[in-house]
Protein chains: 2
Amino acid sequence: MAKRVSLKDIADKLGISTALVSYVLNGQEKEKRVGAEVVLRIKKAVEEMNYIPNQIARSLRKGTTNTIGLIVADIANPFFGTMARIVENEANRCGYTVVIGSSDEDCKKSSMLINNFLNRQVDGLIIVPSEGCENQVKSLIKRGIPLVLFDRYTPDLSSNHVVLDNYLASFDAISHLIQQGYKRIGMIAYRSGLIHMKERVRGYVEAMKDHKLEKYILIKEVKHENVKIETEQALQEITHGEKKIDAIFFATNTLSISGLYGIQKMGLKVPDELGVIGFDGAEAFDFFYSPLSYIRQPIDEMVKESVKILFDQIKGSIKITHVKLAPQLIKRQSCG
Amino acid sequence: MAKRVSLKDIADKLGISTALVSYVLNGQEKEKRVGAEVVLRIKKAVEEMNYIPNQIARSLRKGTTNTIGLIVADIANPFFGTMARIVENEANRCGYTVVIGSSDEDCKKSSMLINNFLNRQVDGLIIVPSEGCENQVKSLIKRGIPLVLFDRYTPDLSSNHVVLDNYLASFDAISHLIQQGYKRIGMIAYRSGLIHMKERVRGYVEAMKDHKLEKYILIKEVKHENVKIETEQALQEITHGEKKIDAIFFATNTLSISGLYGIQKMGLKVPDELGVIGFDGAEAFDFFYSPLSYIRQPIDEMVKESVKILFDQIKGSIKITHVKLAPQLIKRQSCG
DNA sequence: GTATATAACTTAATCGATTAAACAAACGAC
DNA sequence: GTCGTTTGTTTAATCGATTAAGTTATATAC
């Protein structure tokens with residue numbers, strides 16, 4: 001591989017010092033009063049020699065990399081893919097690059113990613129935190145690393161975060177189901193201590209209680225590792241037998257889709273035998289024979305807000321910002 | 001933000017030189033015969049002071065960043081999301097980090113991304129090339145940048161690439177439709193000069209000719225900018241009137257999904273009125289009322305192969321590798 | 001007792017760009 | 001003719017880690 005052209009190569013070729021070249025490349029020719037003729041010669045040489053500045057060297061010197069790290073649960077999940085795409089757009093607009101990592105909701109992987117990104121001196125992080133990584137987050141905050149948590153947060157840590165009003169999301173969904181005449185409403189959620197999941201469950205429980213349906217409260221929690229199988233099993237159990245449910249609420253898009261596979265397989269009639277409300281939205285929801293009603297997250301706004309907060313932090317702001325955005329219930333045919 | 005601990009801080013604290021610390025951190029204590037007691041003291045200090053090596057400095061010195069750049073069309077598209085995820089896994093296993101960019105099939109964006117990644121001294125690139133960026137690719141090759149093209153390639157450039165046998169994919173799909181009794185088979189493709197699209201079209205054309213159906217050849221090409229609307233329009237046109245088609249083949253997953261929306265809206269009966277075969281696979285395919293038959297790409301294998309080739313290049317191999325993998329036709333209910 | 005190995009460290013150059021500080025030449029003021 | 005300014009340029013330190021080459025001190029050989 002041919003050796004790359006460096007600043008010094010240009011300076012040497014023109015018989016001048018590297019300082020001049022650097023000034024011109026950074027558009028400081030006025031402030032540093034570089035001679036007009038020299039400016040031209042430098043620009044010409046830069047063009048001719050096909051010079052590409054070495055960001056690594058620059059980063060080392062300046063102490064900033066113009067890079068932000070993004071840690072999601074799984075970049076193959078369209079929800080996070082969409083999220084990543086918006087982060088990328090916003091970051092690029094400001095001259096930043098994004099490095100992305102998938103944690104699989106696994107605290108160890110998350111930790112490795114965070115360390116790796118810090119080694120690489122990212123200027124800030126947007127993290128969808130996994131369960132059990134409170135200490136990692138705490139440590140980041142203590143070290144003053146610009147950070148925004150997304151989708152979830154740790155209540156007793158004062159970090160920046162942008163989340164959906166998850167309580168309201170569930171509450172609305174369940175209220176709507178009840179209004180449509182459903183009573184025995186079940187919920188399938190992840191087994192997780194994370195606040196977003198707890199809030200979604202709380203919204204469900206409160207809505208049921210508010211309508212005096214506490215006796216029908218039925219929550220099945222599945223583990224991250226085996227979503228599809230566990231979801232179908234759970235579904236099987238609660239849609240049969242004496243106490244079988246007449247409606248179901250899924251707590252995430254992955255759960256919703258796994259659930260739909262199950263419903264399809266079992267041949268349940270939606271919305272007559274079973275009312276359904278999902279989460280997040282997916283193309284699959286639109287093609288389900290009874291197009292799915294779902295909770296829509298304002299993801300565009302959420303991500304833009306996150307990036308904005310992060311850049312504020314990077315610029316030195318010490319303000320802690322919490323943003324909670326309202327969900328939207330998209331009503332279609334799957335719930336009466 | 002508290003100043004980070006550097007190698008020198010550790011050396012100073014222990015009253016030794018930075019060289020020793022560096023040796024120990026790199027596991028060279030044996031070769032460089034660092035004293036046993038010193039090794040212990042260094043390890044203890046590293047732990048205590050919570051030292052994190054500065055990858056930037058290391059990269060500058062070593063000339064490698066242990067980072068690879070990935071340029072896809074759109075990370076929000078699950079096909080590329082899945083691809084990115086596999087790249088990430090493979091890269092991580094080897095201690096590499098991935099930076100991802102979305103080109104939107106736009107040559108200018110692609111160019112900006114490539115330059116940006118090169119500024120950042122990525123060790124190699126995996127690129128899903130856009131139309132018109134042959135010169136960019138050529139320049140990369142000329143400069144000896146480790147590179148693997150994915151999904152598409154430029155026939156007259158000798159670059160490494162990993163692609164599907166797109167000709168065969170189409171040929172198989174169309175042959176199957178014909179075998180099922182369809183004759184007036186249309187195709188919806190992207191308006192693109194890229195080889196993968198040309199090959200997909202060629203497979204269609206050849207299959208039609210082989211069965212003496214050339215008079216029914218009907219290809220609609222849509223632009224990237226307005227996929228959904230254009231696809232629906234195209235569909236509208238070719239499913240009505242005298243010469244209306246009785247089956248359709250979509251050339252990508254985005255086109256397939258847009259097409260399904262159109263079919264759903266128009267209330268066409270699949271597979272009776274219209275046989276359908278899609279591309280790539282998507283959850284939406286499974287929930288379409290007549291589960292879609294589709295061409296499945298062995299994406300896992302394709303990506304792993306790409307990463308392997310790239311790492312070979314990074315390690316110095318000068319071998320040019322072309323990999324073409326066989327598609328799989330998943331037959332379901334949408335085509336008879 | 002001198003020469004040679006070996007072990008254990010230190011020194012200092014290096015990667016490439018940035019930038020404060022020093023320097024030199026030309027100009028104007030009086 | 002001297003002093004101060006302005007203009008244009010160079011010098012060299014710096015970011016943090018790596019590593020070839022150099023330096024001691026101690027051990028072993030004969």
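In the text below, chain A, chain B and the rest are named by the order of the sequence lines, each starting its count at 1. Worth knowing before you read on, the calculation uses all heavy atoms, side chains too, and leaves out hydrogens, waters and symmetry mates.
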Report yes if a side-chain nitrogen or oxygen of [X] is closer than 4.0 Å to either non-bridging phosphate oxygen (OP1 or OP2) of [N]; otherwise report no.
| X | N | value |
| --- | --- | --- |
| B:N26 | D:dA17 | no |
| B:R58 | D:dT18 | yes |
| A:S22 | C:dT18 | yes |
| A:S6 | C:dG16 | no |

Mark yes or no for whether A:R152, through its side chain, and A:P129, through its backbone, hold a donor-acceptor pair below 3.5 Å.
-> yes

So, does B:T65 use its side chain to make a donor-acceptor pair with the main chain of B:S59 at under 3.5 Å?
-> no

Check whether the side chain of B:Y23 and the base of D:dA20 form a donor-acceptor pair under 3.5 Å.
-> yes

For the base of C:dT14, is there a side-chain donor-acceptor partner from B:R61 under 3.5 Å away?
-> yes

Do the rings of B:F311 and B:Y96 sit parallel, tilted or perpendicular, given the 30° and 60° boundaries?
-> tilted

Check whether the side chains of A:T67 and A:D123 place a donor and an acceptor atom closer than 3.5 Å, and report yes or no.
-> no

Which whole-number value in Å describes the distance from [X] [atom1] to [N] [atom2]?
| X | N | atom1 | atom2 | result |
| --- | --- | --- | --- | --- |
| B:K8 | D:dG16 | NZ | P | 10 Å |
| B:I52 | D:dA17 | CD1 | P | 11 Å |
| A:L20 | C:dA17 | CG | P | 15 Å |
| A:K32 | D:dT6 | NZ | P | 17 Å |

